[in-house]
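Take a look at the structure set out below.
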Amino acid sequence: MQNWWKDIFLIGTGGALYYSLEILYRGYSHWSMFLLGGLCVFIIDKLYQKRKGIFSVFYFMLTGGLIITALEGITGAFVNIYLHHHVWDYSNLPLQLFGQISLSFALLWCVLTIPIIWLSGFFHYYVFHDEQPQIRRFRSVFF
C-alpha cells in the first residue's frame, strides 16, 4: 500500500474513533475534533514507527500526551477562542490554561497514547502488511 494511503487511512480512522469516543462520552462532538483526533493519531504513529525499539512505552506515553495537549491547545485557541464555536471549556477544572487545556486531560491523553500505539501496530501489521509488531518484556516496556 502506498504511504499516502496509509496516512489518509490513519488520519481517517483516528479521527473517526476519537469523534465516536467523544460522542459516547459527551453526547456530541464537532467536526474539528475529527481533524484533531486524526492528526494526533497520525503524528504519534509517525513518531512510534520511527523510534520503536529505541524508547520505552513510558517515553511514548509522555511524548504522546504532550503532542495531544499541544494540538488541543492550538485547536482550542483557534476553534473556541478565535472562531467562538465553544466546542469545549475546561475553565471549571483545576490546573487549566485559558479553558483550553488542563492537567487532568493531559494525563488522560498520556494514557490514551497506549491504545493509539497498539492500534498503529495493528494497522501496520494486519492492514498494511508491514513488519510484525515487536513484543517486549514487561520490565523493558516502561523503563
Side-chain angles (χ1 to χ4, degrees), residues 1-136 138 140-142:
M1 185 179 286
Q2 294 178 355
N3 283 339
W4 61 277
W5 275 112
K6 291 179 186 180
D7 297 344
I8 290 172
F9 181 84
L10 285 169
I11 291 169
T13 304
L17 287 173
Y18 183 73
Y19 190 87
S20 300
L21 282 174
E22 196 165 57
I23 289 175
L24 288 173
Y25 177 71
R26 296 192 320 168
Y28 65 94
S29 190
H30 188 262
W31 62 267
S32 62
M33 296 299 93
F34 179 91
L35 296 176
L36 177 60
L39 183 62
C40 290
V41 168
F42 172 75
I43 291 172
I44 291 170
D45 171 71
K46 291 300 178 193
L47 176 69
Y48 182 69
Q49 293 304 316
K50 189 171 185 169
R51 301 288 184 200
K52 67 182 171 188
I54 299 172
F55 296 112
S56 67
V57 172
F58 185 72
Y59 167 84
F60 287 111
M61 287 174 59
L62 290 177
T63 307
L66 288 172
I67 289 168
I68 295 170
T69 302
L71 291 173
E72 179 183 42
I74 293 167
T75 303
F78 182 71
V79 172
N80 292 333
I81 296 172
Y82 182 72
L83 296 178
H84 305 288
H85 284 294
H86 307 290
V87 178
W88 73 89
D89 185 7
Y90 297 148
S91 296
N92 59 344
L93 297 177
L95 301 172
Q96 53 84 23
L97 184 63
F98 304 117
Q100 303 310 304
I101 59 173
S102 75
L103 181 60
S104 56
F105 275 89
L107 295 174
L108 176 64
W109 304 146
C110 289
V111 173
L112 188 62
T113 301
I114 294 172
I116 291 172
I117 290 171
W118 179 84
L119 191 65
S120 168
F122 178 86
F123 286 145
H124 280 279
Y125 185 66
Y126 291 105
V127 177
F128 306 144
H129 305 294
D130 291 343
E131 76 278 353
Q132 187 170 5
Q134 295 179 354
I135 299 173
R136 297 174 63 177
F138 178 75
S140 65
V141 168
F142 289 101

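Not measured: the values here are computed from a predicted model.
- With a 4.5 Å cut-off on side-chain heavy atoms, I114 and W118 do not count as touching.
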Could you go through the side chain to side chain contact (heavy atoms under 4.5 Å, CB included) check for L71 and I43 one step at a time?
CA-CA 10 Å; L71 291 173; I43 291 172; 3.8 Å; yes
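- Rounding to the nearest 0.5 Å gives a distance of 12.0 Å between CG of L21 and CZ of R26.
- Here the closest non-hydrogen pair linking S120 and Y48 is OG-CD2, 4.3 Å.
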Evaluate the criterion side chain to side chain contact (heavy atoms under 4.5 Å, CB included) for residue pair Q100 and V79; output intermediate values, then yes/no.
CA-CA 10 Å; Q100 303 310 304; V79 172; over 6 Å; no
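- The heavy-atom pair separating I44 from G64 by the smallest distance is CD1-CA, 3.9 Å.
- Checked against a 6.0 Å centroid threshold, the rings of W109 and F105 count as neighbours.
- Taking every heavy atom of both residues into account, G14 and V41 meet most closely at CA-CG2, 3.6 Å.
- Ring-plane geometry between Y82 and F78 is classed as parallel, the angle between the planes falling under 30 degrees on a 0 to 90 degree scale with a further cut at 60.
- Considering only heavy atoms from C-beta on, L17 comes within 4.5 Å of L119 through its side chain.
- Between Y59 and F55, the ring-plane angle classifies as parallel under the 30° and 60° cut-offs.
- In terms of heavy atoms, W88 sits closest to M33 at CZ3-CE, 3.1 Å.
- Once rounded to the nearest 0.5 Å, the distance linking CD1 of I117 with CG of L112 reads 10.5 Å.
- The CG atom of L35 lies 11.0 Å from the OH atom of Y19; values are rounded to the nearest 0.5 Å.
- Electrostatic pairing of D45 and K6 does not count as a salt bridge here, judged by no charged N lying under 4.0 Å from a carboxylate O.
- For the atom pair L97 CG and L103 CG, the distance stands at 11.5 Å (nearest 0.5 Å).
- When all heavy atoms are compared, the tightest approach of V111 to P115 is O-CD, 3.2 Å.
- Among the candidates L24, V87, I23, the single residue satisfying the side-chain contact (heavy atoms from CB on, under 4.5 Å) test with S29 is I23.
- For the atom pair CZ (F42) and CD1 (I8), the distance works out to 10.0 Å, reported to the nearest 0.5 Å.
- When all heavy atoms of S102 and P94 are compared, the closest pair comes out as CB-O, 4.5 Å.
- When side chains are defined from C-beta on, Q96 does not count as touching D89, because their heavy atoms never get closer than 4.5 Å.
- Side-chain contact between H30 and N80 is absent, with no heavy atoms from C-beta onward closer than 4.5 Å.
- T75 contributes atom OG1, which lies 11.0 Å from atom CG of L83 (distance to the nearest 0.5 angstrom).
- Considering L47, I67, I116 in turn, L47 is the only one that fulfils the side-chain contact (heavy atoms from CB on, under 4.5 Å) rule with F60.
- Proximity of T113 to I68: side-chain heavy atoms (C-beta onward) are separated by under 4.5 Å at one or more points.
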